[in-house]
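All remarks here apply to the structure that follows.
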Amino acid sequence: MKPGFYDRPVLEVARDLIGCLVQHEACAGVIVEAEAYHDSEPACHAFAGLTPRTATLFGEPGLAYVYRSYGVHALLNAVTEPVGVGAAVLIRALEPLEGIELMRERRGLEPLRSLCSGPGKLTQALGIGLRHNGVDLEHGAVTIAGRPPAWRDVQVSVDTRIGITKAVELPWRFCASGSRYLSRPVRARV
DNA sequence: CATGGGATTGACT
DNA sequence: GTCAATCCCATGC
């Protein structure tokens, strides 16, 4: 990504990440769904302030924040905004691109559409875990690269976030319009 | 030190 | 549609 890409308002970064490429070892996929979280609103882990758990969230933009959800799933986020601001983009769904056979082995012979159609599914499919918390998304084991040519002009739909109990009304979910690889369909469109 | 909740998924009715 | 699994860590006693 270009220098300073993550050092911007989290809503801009979340929208711009749609169509970008997530890679880990031999597996890669295109981001088709992402959500923004910011320490100014209570759905964000950083809302409670700086703790050992959320330290990465307040750290350098461009780091990966990986945390365990419901005691079971690892969720991948990209840290944004300057150091001291707790904000990140949750990667919620990918369109599988490379290493699909390996993804199927890890997830157990899934149809292509459901291989990475959820934040916990895609980390399992790509082999991403808590050990990746804090890695550099530019040069680390897990990387995010710019949009492939076919995704240069992707249309982005906006919706409310999923699976949260606070600040549910904020339209901070971004999806590639018409994608068949989303975790859930888009309700509203902008 | 004990407790409870969560940015989910998959299996079941 | 409902519901359990399962663990990190924030919070409170």
Side-chain angles (χ1 to χ4, degrees), chain A residues 6 9-11 13-15 17-18 20 22 29 31-59 61 63-81 85-96 103-135 137 142 144 156-176 179-188:
Chain A
Y6 296 101
V10 65
L11 289 176
V13 178
R15 174 181 284 267
L17 278 177
I18 301 299
C20 291
V22 177
I31 300 172
V32 293
E33 181 178 345
E35 289 178 356
Y37 288 87
H38 190 276
D39 62 26
S40 64
E41 46 89 15
C44 183
H45 290 167
F47 184 71
L50 178 57
T51 67
R53 183 197 195 195
T54 60
T56 311
L57 265 174
F58 288 91
L63 297 183
Y65 170 51
V66 183
Y67 103 102
R68 186 169 298 285
S69 172
Y70 291 87
V72 187
H73 309 284
L75 270 55
L76 173 65
N77 303 251
V79 177
T80 69
E81 307 212 11
V85 180
V89 177
L90 169 66
I91 311 301
R92 286 194 53 90
L94 304 177
E95 177 172 329
M103 294 187 198
R104 284 212 167 100
E105 281 180 35
R106 287 183 175 132
R107 299 231 347 109
L109 292 180
E110 288 264 359
L112 193 60
R113 290 182 60 161
S114 54
L115 212 48
C116 298
S117 61
K121 295 180 180 181
L122 70 90
T123 53
Q124 185 188 1
L126 296 213
I128 295 171
L130 297 184
R131 67 190 180 283
H132 294 112
N133 186 36
V135 305
L137 289 172
V142 179
I144 299 182
V156 177
S157 300
V158 179
D159 196 5
T160 50
R161 295 177 293 182
I162 291 176
I164 54 175
T165 56
K166 302 158 193 159
V168 292
E169 73 287 352
L170 293 175
W172 285 9
R173 178 187 182 221
F174 299 89
C175 300
S179 173
R180 307 193 314 280
Y181 300 93
L182 303 177
S183 65
R184 309 193 54 165
V186 175
R187 290 186 296 248

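We name chains A, B, ... by the order of the sequence lines, and we start the count at 1 in each one.
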Give none if dT6(C) has no partner; otherwise give the nucleotide forming a Watson-Crick or G-U wobble pair with it, both distances under 3.5 Å.
->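 No nucleotide pairs with dT6(C).
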
Does any N or O in the side chain of [X] come within less than 3.5 Å of the main-chain N or O of [Y], such that one atom is a donor and the other an acceptor?
X	Y	value
Arg68(A)	Leu130(A)	no
Glu95(A)	Gly29(A)	no
Glu33(A)	Ser183(A)	yes
Thr160(A)	Glu169(A)	no

Can you check the [X] [atom1] to [N] [atom2] distance for me, whole Å?
X	N	atom1	atom2	answer
His45(A)	dG5(B)	NE2	P	15 Å
Ile164(A)	dG5(B)	CD1	C1'	15 Å
Phe47(A)	dG5(B)	CZ	C1'	16 Å
Leu170(A)	dA7(B)	CG	P	14 Å
Asn133(A)	dC7(C)	CG	P	18 Å
Asp159(A)	dA7(B)	CG	C1'	15 Å
Glu35(A)	dT8(B)	CD	P	7 Å
Lys121(A)	dA7(B)	NZ	P	18 Å

Would you classify Arg92(A) as touching base, sugar-phosphate or nothing, given that sugar-phosphate means primed atoms plus P, OP1 and OP2, and contacts are heavy atoms under 4.0 Å?
->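 Result for Arg92(A) = sugar-phosphate.
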
For DNA chain B, which residues in residues 67-81 of chain A have a heavy atom at a distance below 4.0 Å?
->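 Of all residues in residues 67-81 of chain A, the ones placing a heavy atom under 4.0 Å from DNA chain B are Tyr67(A), Ser69(A), Tyr70(A), Gly71(A), His73(A), Leu75(A), Asn77(A).
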
Has Arg92(A) got its NZ or CZ under 6.0 Å from the middle of the six-membered ring of Phe174(A), at an angle within 45 degrees of the ring axis?
->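 Geometry flag: not set, cation outside 6.0 Å or 45°.
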
Looking at Arg173(A), does any N or O in its side chain come under 4.0 Å of the phosphate oxygens OP1/OP2 on dA7(B)?
->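 Checking dA7(B) against Arg173(A), no side-chain N or O comes under 4.0 Å of OP1 or OP2.
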
Are any of the side-chain heavy atoms of Leu11(A) and Trp172(A) separated by less than 4.5 Å?
->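 Yes, side chains in contact.
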
